[in-house]
Number of protein chains: 2
Amino acid sequence: MLIMILLGKRSYQFNELHRSIESISQRMLTRTLRGLERDGLVSRTVHPTVPPTVEYDLTPLGRTFLGPLSALADWAVVHGPDIAAAREHHDAR
Amino acid sequence: MLIMILLGKRSYQFNELHRSIESISQRMLTRTLRGLERDGLVSRTVHPTVPPTVEYDLTPLGRTFLGPLSALADWAVVHGPDIAAAREHHDAR
DNA sequence: CAGCATCCTACCAGATACTG
DNA sequence: CAGTATCTGGTAGGATGCTG
């Protein structure tokens, strides 16, 4: 989700993404990007420069997913605290 | 998601849910329901009858999640085939 | 810069059997 | 009916080191 949301704003390079999402390991970032690419949601463009740069973008299909995604993200922003509260209340008993 | 969508329509009992979602094991159904309950999205009401019946419902908070959820489900219905196609196209090469 | 290869472990979830 | 208990194989993902 974070990757998709970032790419929804602009293109990113690999390490740029990695820096923007510190909590993800390199391995998982690669795997996730490959999965998204495989599913046709993200495009991966290699620029044959030295050193090489790789540009990640949302595909048109990927962009259609931004709607449902922000519906989810907005919900999380509003109701996330409620869930945290429910959990604590549950733990307490 | 399937559980939430079903409970969005009406109350269910445990085995009723299990029958409605054949692909889930009893263990996972229990675990998932406990998680949803813990997060305050689903309520679990035990009716002290013999044999006991347990009623599952969405909480008010759970109901607020139906919007984002159907946004996702609708997207999947429309674009699911696109993803399948992207995968095959990817596998082919 | 943008990864891949390898090793290792903790957790996940299925199968199966049992219970108030 | 509505679960719990136990065992177990499989895998997800972190850590680390290497490469064109």
Side-chain angles (χ1 to χ4, degrees), chain A residues 1-59 62 69 72 76 83-84 86-87 89-93, chain B residues 1-59 62 83 86-87 89-93:
Chain A
M1 291 184 54
L2 293 177
I3 293 172
M4 293 286 295
I5 288 171
L6 284 174
L7 292 183
K9 297 174 187 168
R10 62 174 176 87
S11 297
Y12 276 81
Q13 294 183 7
F14 184 85
N15 281 339
E16 211 179 356
L17 272 177
H18 199 181
R19 268 180 251 112
S20 301
I21 312 176
E22 323 135 40
S23 53
I24 197 172
S25 69
Q26 187 203 49
R27 177 197 167 100
M28 275 313 294
L29 181 55
T30 310
R31 295 215 160 195
T32 306
L33 285 170
R34 291 287 185 281
L36 292 171
E37 190 193 355
R38 185 188 144 101
D39 288 348
L41 297 171
V42 164
S43 69
R44 177 175 180 273
T45 315
V46 181
H47 298 280
T49 56
V50 180
T53 65
V54 178
E55 183 188 343
Y56 289 96
D57 290 278
L58 291 190
T59 61
L69 196 52
L72 236 91
I83 295 216
R87 283 209 181 135
H89 185 251
H90 209 90
D91 287 346
R93 316 189 277 129
Chain B
M1 289 183 57
L2 292 178
I3 292 172
M4 294 285 295
I5 288 171
L6 284 175
L7 291 182
K9 297 174 186 168
R10 63 173 176 90
S11 297
Y12 277 81
Q13 294 184 6
F14 185 85
N15 282 340
E16 210 180 354
L17 272 176
H18 200 183
R19 276 187 297 273
S20 301
I21 311 176
E22 324 133 40
S23 54
I24 198 173
S25 68
Q26 190 203 43
R27 176 200 170 102
M28 274 315 292
L29 181 54
T30 309
R31 296 217 158 196
T32 307
L33 285 170
R34 291 285 185 281
L36 292 171
E37 190 193 355
R38 185 187 144 101
D39 288 349
L41 296 172
V42 163
S43 69
R44 177 174 178 274
T45 314
V46 181
H47 297 279
T49 57
V50 180
T53 64
V54 176
E55 184 188 343
Y56 289 97
D57 289 279
L58 290 190
T59 62
I83 295 216
R87 282 206 181 139
H89 185 250
H90 210 91
D91 287 346
R93 312 188 282 131

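Just so we're on the same page: letters track the sequence lines, and every chain starts at 1.
Summarising the geometry, atom CG belonging to A/L6 is positioned 9.5 Å from atom CD belonging to A/E16; distances are rounded to the nearest 0.5 Å.
In this structure the side chain of A/I3 reaches within 4.5 angstrom of the side chain of A/T32, judged on heavy atoms.
With hydrogens and angles left out, the side-chain atoms of A/S11 and A/E55 include a donor and acceptor closer than 3.5 Å.
Listed by residue number, B/Q13, B/F14, B/N15, B/R19, B/Q26, B/R27, B/T30 are the residues of residues 9-32 of chain B with a heavy-atom contact under 4.0 Å to DNA chain D.
In this entry the distance linking CZ of A/R44 with C1' of C/dC1 reads 12 Å, nearest Å. Remark: C1' of D/dG3 and CD of B/E55 are 17 Å apart, rounded to the nearest angstrom.
Heavy atoms from other residues, nucleotides or ligands lying under 6.0 Å from CZ of B/R31 number 12 at most.
Judged by distance alone, the side chain of A/H18 and the main-chain N or O of A/I24 form a donor-acceptor pair under 3.5 Å.
Both A/R34 and B/P51 lie near DNA chain C, and the one whose nearest nucleotide falls closer to the 5' end is A/R34.
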